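For reference, the structure is listed below as structure tokens.
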Number of protein chains: 2
Amino acid sequence: MTDAQENIECPITAMLELIGGKWKPIILYNLTSGTRRFGQIDVRIPGISRKVLTEQLRQLEKDGLIKRKEYNEIPPRVEYSLTELGESLSPVFKEMASWGKEHVLGNG
Amino acid sequence: MTDAQENIECPITAMLELIGGKWKPIILYNLTSGTRRFGQIDVRIPGISRKVLTEQLRQLEKDGLIKRKEYNEIPPRVEYSLTELGESLSPVFKEMASWGKEHVLGNG
DNA sequence: TTTGCCAGTTACCCAGAGGTAACCTGTTAC
DNA sequence: GTAACAGGTTACCTCTGGGTAACTGGCAAA
């Protein structure tokens, strides 16, 4: 097996195809603490635009990482939460958050 | 503390500023198995161009995640390896790789 | 009857990430 | 004398991720 062939099945590359990008990890991380409405996610992620948030949520839904529940109410209510597959990412985000706290933000 | 203020110190966002992007995680992951020369990294990451590889390596070096050792030889030899800070990312990549293997590539 | 609520959608625009191809360096082997 | 080696650099171009601003929908309250 050559280096190149080995990389075709690179697990990191594989994972990045699902959760790579500027916003997806932060969106998913926000959902690890439970179900949230669209507006709640929006306000918790400073800098993201509603357009992009919608796009990313749609992709995550398509990839089976989150579910979208729409209530038939006025004004509209839409709730997002992790699927089982999405939940299985928790250990990853836990490690990432722990590293970020300790080595970037400078507190344990 | 409001939601927005809380997010200013979001550990995931903090970490993504260092290792976010299309290539950095894969580059770092490649170095977790030890010191490698420029050409070795290049061949192990299909699709990346030499220009971009150089750029990313420079940034990772600037951010203190990798070291660059240049030997005064002809033809040139340059070796890249993780710094202590870079090594501290191992648990993160371990989790990522494990998740990728199990949930995307479909083998434990 | 106008305003506000929430969760979008649409049209339009821009910066920058990243690709390709050619070139450079000094030494050794042909 | 010219090709090959490794590790780049440079000029140039493209593409797309993401931003802004305006608009939609239906109900309820003022």
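All figures in this text were calculated on a predicted structure; none of them were measured in a lab. First the proteins, then the strands, lettered A, B, ... as listed; each starts at 1.
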Give the rounded distance in Å between these two atoms: [atom1] of [X] and [atom2] of [N].
X	N	atom1	atom2	value
A:Trp23	D:dG17	CH2	P	15 Å
B:Leu16	D:dG18	CG	P	12 Å
A:Leu53	C:dG8	CG	P	8 Å
A:Ile48	C:dA7	CD1	P	15 Å
B:Glu61	D:dG7	CD	P	15 Å

Would you classify [X] as touching base, sugar-phosphate or nothing, given that sugar-phosphate means primed atoms plus P, OP1 and OP2, and contacts are heavy atoms under 4.0 Å?
X	result
A:Gly47	sugar-phosphate
B:Tyr71	nothing
A:Gln56	sugar-phosphate

Cationic tip of B:Arg77 above B:Tyr71 ring, under 6.0 Å, 45° of axis: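 Satisfied, under 6.0 Å and within 45°.
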For the side chain of [X], starting at C-beta, report the closest nucleotide among [options].
X	options	result
B:Tyr80	C:dG19, D:dG8, D:dG19	D:dG8
A:Pro76	C:dC6, D:dG8, C:dG8	C:dC6
A:Val52	D:dG18, D:dG8, D:dC5	D:dG18
A:Val78	C:dA7, C:dT9, D:dG26	C:dA7
A:Ile74	D:dC27, D:dG7, C:dT9	D:dC27

Is it the case that the side chains of A:Gln56 and A:Lys22 hold a donor-acceptor pair, with the cut-off being a distance below 3.5 Å and no angle test?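 Result is no, nothing qualifies.
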So, under a plain 3.5 Å distance rule, would you say the side chain of B:Arg50 forms a donor-acceptor pair with the base of D:dG7?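 Present.
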Is there, by distance only and without an angle test, a donor paired with an acceptor across the side chain of A:Lys51 and the base of D:dG19 below 3.5 Å?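 Indeed there is one.
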Side-chain (A:Arg36) to main-chain (A:Asn30) donor-acceptor, under 3.5 angstrom: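 Yes, because the side chain of A:Arg36 sits within donor-acceptor range (under 3.5 Å) of the backbone of A:Asn30.
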Applying side-chain contact (heavy atoms from CB on, under 4.5 Å) between B:Leu82 and each of B:Leu89, B:Ile66, B:Leu60, report the one that passes.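 In the set B:Leu89, B:Ile66, B:Leu60, the residue that makes a side-chain contact (heavy atoms from CB on, under 4.5 Å) with B:Leu82 is B:Ile66.
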Does a nitrogen or oxygen in the side chain of B:Arg37 sit under 4.0 Å from OP1 or OP2 of D:dG7?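 Yes, within the criterion.
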